[in-house]
Number of protein chains: 2
Amino acid sequence: MGTKQVSGLSAAEQADLSRADSLAREIFSDVANKWAFLIIETLGDGVLRFSELRQQVGGISHKMLTQNLRMLERNGLVERTVYPTVPPKVEYRLTEPGQGLRATVDTMCAWTHKYITDIESARQAFDS
Amino acid sequence: MGTKQVSGLSAAEQADLSRADSLAREIFSDVANKWAFLIIETLGDGVLRFSELRQQVGGISHKMLTQNLRMLERNGLVERTVYPTVPPKVEYRLTEPGQGLRATVDTMCAWTHKYITDIESARQAFDS
DNA sequence: CCGTATCCTTCATGATACTG
DNA sequence: CAGTATCATGAAGGATACGG
């Protein structure tokens with residue numbers, strides 16, 4: 001994903017590359033954040049209501065959850081279903097692209113688990 | 001990584017779990033951010049100086065790069081080598097845990113590539 | 001129950017300048 | 001060249017209240 005020059009391509013192809021690259025960067029900016037990852041991990045392959053999600057993610061404010069869900073919905077990673085009942089009921093689930101990203105988040109969780117003690121000692125060493 | 005209760009464990013084990021959990025969350029907060037990912041991806045399996053890194057990441061300020069490198073170093077993901085020459089020369093490379101995380105970032109890059117058109121059209125649909 | 005809007009506070013970020 | 005410190009500004013985030 002660097003902005004390196006690639007030879008053997010026409011100017012138009014170069015332009016396409018950098019357009020795709022800047023879009024990719026935008027997606028990174030959106031998605032590569034703590035709350036998005038935690039939401040995706042929490043949703044898993046299940047279906048959760050707003051309040052359930054908020055409770056299970058833990059430590060996220062009403063506002064942050066709304067913002068991140070809108071962002072994920074906008075990128076087509078989360079599907080939002082509204083039941084026009086009283087009181088309202090809204091369900092969230094991952095779409096197929098969302099599930100794809102979930103696989104990535106899963107590998108990061110596994111990575112965390114694998115290296116958590118290394119990281120902890122690296123921190124202690126650094127902080128002294 | 002949720003904060004769910006797990007039965008069949010002693011209080012001490014529960015405490016260990018939640019300690020590990022909160023540490024894992026801290027690591028997530030540190031590492032799951034745009035700049036960290038871009039830096040890790042840019043470093044790859046190579047060795048780069050501060051200024052090279054800054055140039056190749058692109059669009060990152062001096063300060064942000066320093067901050068993120070310190071954070072990554074603190075977590076033991078990046079190794080920093082200082083050559084006491086004049087002018088100074090500092091090289092950065094990924095450690096083994098850092099390489100492990102790089103694998104995750106790579107899968108995210110692949111994911112972005114795979115779904116980039118879906119995401120783009122989802123956005124256009126949403127924004128109208 | 002869920003979403004949005006508002007206000008207010010805190011933090012993150014960029015620009016700049018200075019040091020080793 | 002690389003790092004740190006300072007300052008100023010804008011954005012992020014929390015609390016609250018109201019509307020559908």
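A note on names: the letters A, B, ... follow the listed sequences, proteins ahead of strands, and every chain is numbered from 1. Worth knowing before you read on, the calculation uses all heavy atoms, side chains too, and leaves out hydrogens, waters and symmetry mates.
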| message | With a 4.0 Å cut-off on N to O distance, would you call D118(A) and R123(A) a salt bridge? | response | no
| query | So does R93(A) pair up with E91(A), basic N to acidic O under 4.0 Å? | reply | yes
Measuring to OP1 and OP2 of [N], would you say a side-chain N or O of [X] lies under 4.0 angstrom away?
X: R49(A); N: dC2(C); result: yes
X: R54(B); N: dA2(D); result: no
X: R70(A); N: dT4(C); result: yes
X: R80(B); N: dG3(D); result: yes
X: Y92(A); N: dC1(C); result: no

| field | Check: T112(B) and I119(B) side chains under 4.5 Å, non-hydrogen atoms | value | no
| query | Would you call V90(B) and R80(B) a side-chain contact if the rule is heavy atoms closer than 4.5 Å? | reply | yes
| query | Strictly by modelled atom types, are Y92(A) and E79(A) linked by a side-chain donor-acceptor pair under 3.5 Å? | reply | no
| Of the nucleotides dT4(C), dC1(D), dT4(D), which one has an atom closest to the side chain of T66(B)? | dT4(D)
| Residue from T104(B), D106(B), T107(B) passing side-chain hydrogen bond (donor to acceptor under 3.5 Å, both in side chains) with T104(A) | T107(B)
Atom [atom1] of [X] to atom [atom2] of [N]: distance rounded to whole Å?
X: N33(B); N: dG13(D); atom1: CG; atom2: P; result: 12 Å
X: L69(A); N: dC1(C); atom1: CG; atom2: C1'; result: 14 Å
X: L48(B); N: dC1(D); atom1: CG; atom2: P; result: 15 Å

| said: Does the protein touch nucleotides 11-20 of chain C at the base, only the backbone, or not at all? Give it as B, S and - per nucleotide, heavy atoms under 4.0 Å. | reply: --BBB----B
